[in-house]
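Chain identifiers are assigned alphabetically (A, B, ...) following the order of the sequence lines, protein sequences preceding nucleic acid strands; residue numbering begins at 1 within each chain. These numbers come from a predicted model, not from an experiment.
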Amino acid sequence: MINFEEELKKFHPSIELEGVEESVRNHDMSDMADIFLAMMKEKADAATAARAEGQAQAQAQMEQMMMMSNPIM
Amino acid sequence: MKCYQCGNNLSEENFCTACGADVGVYKKIMAMSNYYYNDGLAKANVRDLSGAVLSLRCSLKYNKKNKEARNLLGLVYFEMGEVVLALSEWIISKNLDPVKNIADEYIGAIHSNPTRLDNIDQTIKKYNQALQYCYQGSKDLAIIQLKKVLSINRNLISGYQLLGLLYINTGDYDNAKRTLFKALSVDAGNTTTLGYIKEVNRLIREKEEKTGKRVSSLPMDTISYQNGNEVIIQPVYEKEKKGFSSVVNIAIGLVVGVAISWFLILPARISGQNQLSDEKFKEVSEQLAAEQASRQEIEKALSDKQNQMDELQRQYDDMTGASGRRTELDYLMDAATAYVKDPTDSLTIMEEMDHISEEYVETSKDSFRNLYDALKTDAATLASDEYIENAKAAVKANDYKTAIEEYTKAWLLDKTNSDVLMNLAHCYRQDGDTKKADELYRQVIDTFPDTQNAADAADYMTEE
């Protein structure tokens, strides 16, 4: 059973020719490739950050070991 | 396909051979985009336009730079009457890839025809107005407006659907079905359209069950069949009943055929035949006129020749005497004959000579002229004397009329004799014609001055 009022709500005014520019501007351009690239970038950034942190930790350990092997006279 | 990181052409491996980036997932995303593009293309080929829109939009969700998918989506929108959406897709496509993009041609084709662009704009505005009427409850106005819209833009699916919905709502199920079938002919797989048709059929059945009468003349159901992955839906048409109706239809067909031939074909053929006849008539008339003119010319020439012949014949007859007309030569010969018979018969000679004119004598041969002069000189003198004698005898008998005639003849033969002129004047006077007498007296005075007759004439003249 069709409800006329409900069905009517499914119809929307058409965009007029003057509105083409706005329609193009408001067009949702995000796609799966963008999301994937963003994820890959995030992943790469995380890896870089982890690498930098690891290097900092290693350097700290090295410095600590050096201090232990050469006690202050 | 190129690496998203370094732009190098990718190989079959799941990593970039140039930068080592992991491209396995990226390749799958591109493949999905292409898959949906192919799906959309297949649906568009079987006129499942709404299905094609879904697939193509899905394709673009995977890869927004899929130029073919975006251009095809624009085309499908255009076919559905959604010109603005089509233009939007083509503009985006052109901006993403401006080199060798067919979207450029599509946009150009629309922009090159301002009338069509204006029609599209008017159609959109009217559609929106119709929708506004629907919201306000003015369904009749909305139906009128939508009919106008669909007469200009015959592919506007949403227009057909809205009009169908309005017809369903107003209980006009036949028109609703017709409208929805038109929508189906543009977009075969539109679920909204199919849903409305199903609803219309249900309502018709309900009504028929209640009333027990047939409500709609249109076929009730649609048939659907599988064609590969596609579902084709089309209305079922009942077979026409055979028998009496066939005979009636044949009879109607015959009547229509005869009417067409009578009112359309026959007049044209008659007109053609008349035209041919007119042309032939004109041609024959021209030939006839030419022949008549030629005949008249021949008749005229013949008549001229006949006249010439008649003239020549007449001249010949005159010369030979066959015509009975006497010539100057005849008169001269008769005068000469009369002179030979009796040289004193001057009257007969002069009568014959009188028939010969002075002009003819002047132009005649010398022999003719000499004979004429000789005869006239002799005969004239004798004749003049004879006329004078006759006149005198008449005077004696108091017959002045005869005397006048005789003296006149004598005077004409010899104009040197003043006595004759004087006596002629006397006769006129005696006859009572004093005016003529005076005129002759005056002539005597003028012609013979210094003579006795002149002096006497002056005495006789009554006017002094």
Enquirer: Are Lys125(B) and Glu16(A) packed together at the side-chain level, in the sense that at least one heavy-atom pair is separated by less than 4.5 angstrom?
Expert: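 Yes, close enough: below the 4.5 Å cut-off.
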Enquirer: With a 4.5 angstrom heavy-atom cut-off, could you sort out which part of Leu37(A) is near chain B: side chain, backbone, both or neither?
Expert: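 Only the side chain of Leu37(A) comes within 4.5 Å of chain B.
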Enquirer: Under 6.0 Å from the CD atom of Gln64(A), do we count more than 12 heavy atoms belonging to anything else shown?
Expert: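 Counting other residues, nucleotides and ligands, CD of Gln64(A) stays at 12 neighbours or fewer.
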Enquirer: Would you name the heavy atoms of Tyr196(B) and Glu7(A) that are closest together and state the gap between them?
Expert: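 Smallest heavy-atom distance, with atoms named: OH-OE1, 2.7 Å.
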Enquirer: Between Ile91(B), Asn63(B), Leu165(B), which shows the greatest number of heavy-atom pairs under 4.5 Å with chain A?
Expert: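 Most heavy-atom pairs within the cutoff with chain A belong to Leu165(B).
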Enquirer: Is any side-chain N of the basic residue among Asp31(A) and Lys65(B) closer than 4.0 Å to the acidic one's carboxylate O?
Expert: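 The answer is no: the pair does not qualify as a salt bridge.
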Enquirer: Evaluate the criterion side chain to side chain contact (heavy atoms under 4.5 Å, CB included) for residue pair Glu82(B) and Ile15(A); output intermediate values, then yes/no.
Expert: CA-CA 9 Å; Glu82(B) 300 285 356; Ile15(A) 304 166; over 6 Å; no
Enquirer: Given that the side chain runs from C-beta out, which part of Asn95(B) has a heavy atom under 4.5 Å from chain A: side chain, backbone, both or neither?
Expert: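 Neither part, no heavy atoms under 4.5 Å.
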Enquirer: For Leu131(B), is it the side chain, the backbone, both, or neither that has a heavy atom closer than 4.5 Å to a heavy atom of chain A?
Expert: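 The side chain, not the backbone.
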Enquirer: Can you confirm whether more than 12 heavy atoms, excluding those of Met1(B), are under 6.0 Å from its CE atom?
Expert: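 Atom CE in Met1(B) is crowded, with more than 12 foreign heavy atoms closer than 6.0 Å.
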Enquirer: Within a radius of less than 6.0 Å around NZ of Lys27(B), do more than 12 heavy atoms belonging to other residues, nucleotides or ligands occur?
Expert: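 Enclosed.
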Enquirer: Looking at side-chain heavy atoms only, is the closest gap between Ile29(B) and Ile35(A) below 4.5 Å?
Expert: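 Ile29(B) vs Ile35(A): side chains apart.
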Enquirer: Tell me the closest heavy-atom pair linking Ala33(A) and Met30(B), and the distance in Å.
Expert: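 Smallest interatomic distance, heavy atoms only, reads CB-CE, 3.9 Å.
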Enquirer: Against chain A, label Glu89(B) side chain, backbone, both or neither, depending on which of its atoms sit under 4.5 Å from a heavy atom there.
Expert: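 For Glu89(B), side-chain heavy atoms alone lie under 4.5 Å from chain A.
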Enquirer: CD of Glu5(A) to SG of Cys134(B): how many Å apart, nearest 0.5 Å?
Expert: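 The SG atom of Cys134(B) is 9.5 Å from CD of Glu5(A), to the nearest 0.5 Å.
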Enquirer: Rounded to the nearest 0.5 Å, what separates atom CG in Leu96(B) from atom CE in Met29(A)?
Expert: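 One finds 4.5 Å between CG of Leu96(B) and CE of Met29(A).
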Enquirer: Going by heavy atoms in the side chains, are Ile92(B) and His27(A) under 4.5 Å from each other?
Expert: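 Touching, per the 4.5 Å side-chain cut-off.
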Enquirer: Please classify the contact of Arg70(B) with chain A as side chain, backbone, both or neither, using a heavy-atom distance under 4.5 Å.
Expert: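 For Arg70(B), side-chain heavy atoms alone lie under 4.5 Å from chain A.
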Enquirer: Nearest heavy-atom pair of Met40(A) and Tyr4(B): which atoms, and what distance?
Expert: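 Nearest pair, atom of Met40(A) first, then Tyr4(B): CE-OH, 3.3 Å.
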Enquirer: Think Lys139(B) forms a cation-pi with Phe4(A), using NZ or CZ under 6.0 Å from the six-ring centre and within 45 degrees of its axis?
Expert: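 Because its charged atom sits under 6.0 Å from the ring centre and within 45° of the axis, Lys139(B) does stack over Phe4(A).
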Enquirer: Does any backbone or side-chain atom of Met32(B) lie under 4.5 Å from a heavy atom of chain A? Answer side chain, backbone, both or neither.
Expert: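 The answer is neither part of Met32(B).
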Enquirer: Could you check whether atom NZ of Lys64(B) has more than 12 heavy atoms from other residues, nucleotides or ligands sitting under 6.0 Å from it?
Expert: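 Yes, the 6.0 Å shell around NZ holds more than 12 heavy atoms from other groups.
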Enquirer: Quick check on the interface: out of His12(A), Glu21(A), Lys41(A), who has the most heavy-atom pairs with chain B under 4.5 Å?
Expert: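 Greatest number of close heavy-atom pairs with chain B: His12(A).
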Enquirer: Pick whichever of Thr192(B), Leu162(B), Ile168(B) has the most heavy-atom pairs under 4.5 Å with chain A.
Expert: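 Maximum pair count with chain A is reached by Leu162(B).
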Enquirer: Flag yes if more than 12 heavy atoms outside Glu18(A) fall under 6.0 Å of its CD atom; otherwise flag no.
Expert: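 More than 12 heavy atoms, drawn from other residues, nucleotides or ligands, come within 6.0 Å of this atom.
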Enquirer: Could you walk me through whether Leu87(B) and Leu17(A) pass side chain to side chain contact (heavy atoms under 4.5 Å, CB included), step by step?
Expert: CA-CA 9 Å; Leu87(B) 270 174; Leu17(A) 278 177; 4.0 Å; yes
Enquirer: So Tyr62(B) and Phe36(A), do their side chains get closer than 4.5 Å, heavy atoms only?
Expert: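 Of all side-chain heavy-atom pairs linking Tyr62(B) with Phe36(A), none is under 4.5 Å.
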Enquirer: What part of Tyr26(B) gets closer than 4.5 Å to chain A, counting heavy atoms only: side chain, backbone, both or neither?
Expert: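 Both parts, backbone and side chain.
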Enquirer: What's the spacing between Ser88(B) OG and Glu22(A) CD if we round to 0.5 Å?
Expert: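 If we round to the nearest 0.5 Å, Ser88(B):OG and Glu22(A):CD are 10.5 Å apart.
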Enquirer: Less than 4.5 Å apart, any side-chain heavy atom of Asn128(B) and any of Ser14(A)?
Expert: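 The answer is yes, as the side chains (C-beta and beyond) meet within the 4.5 Å cut-off.
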